[in-house]
S.K.: 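Here it is, the structure in full.
Along the sequence shown, residues carry numbers from 1.
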Amino acid sequence: MSDSESDTGDQAGSIEHFNGPVENAWLMKIPEFKPEDNPNGLVEESSFSCLFPKYREKYIKECWPLVVKALAEHNIKADLDLIVGNMTVRTTRKTWDPFIILKARDLIKLLSRSVPFEQSVKVLEDEISCDIIKIKNLVRNKEKFVKRRSRLIGPNGCTLKSLELLTNCYVLVQGATVSAIGPYKGLQCVRKVVEETMKNIHPIYNIKALMIKRELMKDENLRDENWERFLPRFQSKNTTKRNKPKVIKKKKEYTPFPPELQESKIDKQLASGEYFLTDEQKRSKKRQEQVNKEKRDAVVQKERREKDFVAPEETDRRAPKASAPEKIDVKSLKSKIAKANKRATKSK
């Protein structure tokens, strides 16, 4: 992302549409604050500190001279403590901009969140700000959290890259936070997309809406109209729920008597006579039960193993198949008997 893209306030204002006087507020150019506007400087010293993790120590140590040089242009002093793992920024007597100390605080915060120095130093500009979004507490289940975070990044980072192009912001997903650097209007869109993604709304829906808004802003006739009819409406569908039959719970009959007390462990031992056994008898009984259980398990295991070696029953293929009984024709049988009787009488 080039510096010219991030510096233009008009592009930042064209991301989302607002009706009324608020729309012109985003298009207004912030007047530059100069040293002549505050010749006396600041009355008191202000300072901010920020801890950084151990794995960032090497990178911060290498780029710290560049950080000191960038903050020295605004009369801000920076200190690095590698023993404690701490970065500190403070104002000096020559500091004339009261807001620059907050920008310096954001700079060291971004460095501790694994944002490279080339992107972090842009926070010192007037039109650029940053937003660190904590996403760890938005999802309780760890597996769902990892899945939705990877969904935000997309395959090979394509979803994150498209979000950067549409909002003119630099976005970095690291651990349990999402760091965004860019114009104020773009940061609002990034926060909305990130929070809705962690609430199980796919980021492609918001990206499509941003693309439509970007095209509508180019049309002068539609710039001042309501865009609700152009934006897609996506209904959340939970396909994991199955249609289970509705179970109607029957109310139990009211009885004034309390339910029967369940037998305790001692009551069961008294009923079986185990309560009166000595410790040695209890141990021997437990040992005998364990031996019996092992014997039963050994028999089952042996049967399971020998099951593979049992030959299947062979059927004799040569044996004739049992044919279905033929139907006897009674009429033809009677006629045959009558003819045979006639022949017998003629021969006599």
S.K.: What pairs meet the salt bridge (Lys or Arg N to Asp or Glu O under 4.0 Å) rule with one or both residues in residues 250-270, with sequence neighbours excluded?
M.R.: none

S.K.: Which pairs pass salt bridge (Lys or Arg N to Asp or Glu O under 4.0 Å) with one or both residues in residues 293-305, sequence neighbours excluded?
M.R.: K293-D297

S.K.: Atom OH of residue position Y59 - does it have more than 12 heavy atoms of other residues, nucleotides or ligands inside 6.0 Å?
M.R.: yes

S.K.: Does K122 use its side chain to pair, donor to acceptor, with the backbone of I128 at less than 3.5 Å?
M.R.: no

S.K.: Is there a side-chain contact between L166 and R214 in this structure, where contact means two heavy atoms from C-beta onward sitting under 4.5 Å apart?
M.R.: yes

S.K.: Judged by atom type as modelled, is there a donor-acceptor pair below 3.5 Å linking the side chain of N38 to the main-chain atoms of W96?
M.R.: yes

S.K.: Evaluate the side-chain proximity of T177 to I133: yes if any heavy-atom separation is below 4.5 Å, no if none is.
M.R.: no

S.K.: Taking it one step at a time, do T95 and T92 satisfy side-chain hydrogen bond (donor to acceptor under 3.5 Å, both in side chains)?
M.R.: CA-CA 5 Å; T95 306; T92 60; 3.2 Å; yes

S.K.: Test side-chain contact (heavy atoms from CB on, under 4.5 Å) on Y170 and V115; report intermediate values, then the result.
M.R.: CA-CA 10 Å; Y170 171 81; V115 179; 3.9 Å; yes

S.K.: Keeping the roles fixed (side chain from T197, backbone from H202), state whether a donor-acceptor pair exists under 3.5 Å.
M.R.: no

S.K.: Supply the atom-to-atom distance S120 OG to I181 CD1, rounded to the nearest 0.5 angstrom.
M.R.: 5.0 Å

S.K.: Compare all side-chain heavy atoms of F276 with those of L270 and state whether any distance is below 4.5 angstrom.
M.R.: yes

S.K.: Would F99 and V89 show up in the same hydrophobic cluster when neighbours are defined by side-chain heavy atoms closer than 4.5 Å?
M.R.: yes

S.K.: Between atom CE of M198 and atom CG of N137, what is the distance when rounded to the nearest 0.5 Å?
M.R.: 10.5 Å

S.K.: Can you check whether V171's main-chain N or O pairs, donor with acceptor, with E164's side chain at less than 3.5 Å?
M.R.: yes

S.K.: Decide side-chain contact (heavy atoms from CB on, under 4.5 Å) for I100 and L71; before the verdict, give the C-alpha distance in whole Å, the side-chain angles of both, and the deciding distance to 0.1 Å.
M.R.: CA-CA 9 Å; I100 196 63; L71 293 176; over 6 Å; no

S.K.: Would you say I101 ends up clustered with L107 if hydrophobic residues are merged whenever their side chains have heavy atoms under 4.5 Å apart, either directly or through other cluster members?
M.R.: yes

S.K.: If you count every heavy atom of other residues, nucleotides or ligands that lies below 6.0 Å from N292 atom CG, does the total exceed 12?
M.R.: yes

S.K.: Would you compute the distance between atom SG of C189 and atom OH of Y184 and round it to the nearest 0.5 angstrom?
M.R.: 15.5 Å

S.K.: Within a strict 4.5 Å, meaning less than it, do heavy atoms of the V139 and R148 side chains meet?
M.R.: yes

S.K.: Run the salt-bridge test on E215 and K218 with the 4.0 Å N-O cut-off and return the result as yes or no.
M.R.: yes

S.K.: Any side-chain to backbone donor/acceptor pair from N206 onto V193? Under 3.5 Å, distance only.
M.R.: no

S.K.: Starting at CZ of R56, measure out to CD of Q174 and round the result to the nearest 0.5 Å.
M.R.: 8.0 Å

S.K.: Scan side-chain atoms only and decide if N200 and R151 contain a donor-acceptor pair under the 3.5 Å cut-off.
M.R.: yes

S.K.: With side chains defined as the heavy atoms from C-beta onward, is the minimum distance between L163 and P203 less than 4.5 Å?
M.R.: no

S.K.: When you measure from the side chain of N141 to the backbone of E143, do you find a donor-acceptor pair of N or O atoms at a distance under 3.5 Å?
M.R.: yes

S.K.: With hydrophobic residues grouped by side-chain heavy-atom distances under 4.5 Å, do V68 and L110 end up in a single group?
M.R.: no

S.K.: Within a strict 4.5 Å, meaning less than it, do heavy atoms of the I204 and T159 side chains meet?
M.R.: no

S.K.: Salt bridge or not for E280 and R283, using N-O below 4.0 Å?
M.R.: yes

S.K.: To the nearest 0.5 angstrom, please state how far the OG1 atom of T91 sits from the CG atom of D97.
M.R.: 11.0 Å

S.K.: Is it the case that the side chain of Q281 and the backbone of T278 share a donor-acceptor pair, with hydrogens and angles ignored and the cut-off at 3.5 Å?
M.R.: yes

S.K.: Show every donor-acceptor pair shorter than 3.5 Å between a side-chain atom in residues 45-54 and any protein atom, with sequence neighbours excluded, or say none if there are none.
M.R.:
{"unit_1": "E45", "atom_1": "OE2", "unit_2": "R90", "atom_2": "NE", "d": "3.4"}
{"unit_1": "S49", "atom_1": "OG", "unit_2": "T88", "atom_2": "OG1", "d": "3.3"}
{"unit_1": "K54", "atom_1": "NZ", "unit_2": "E57", "atom_2": "OE1", "d": "3.0"}

S.K.: Do the side chain of S114 and the main chain of L111 share a donor and acceptor less than 3.5 angstrom apart?
M.R.: no

S.K.: Does the side chain of K109 reach to within under 4.5 Å of the side chain of I132, using non-hydrogen atoms?
M.R.: yes

S.K.: Are any non-hydrogen side-chain atoms of R149 and V173 less than 4.5 angstrom apart?
M.R.: yes

S.K.: Just how far is it from atom CG of L172 to atom CG of L160, taken to the nearest 0.5 Å?
M.R.: 8.0 Å

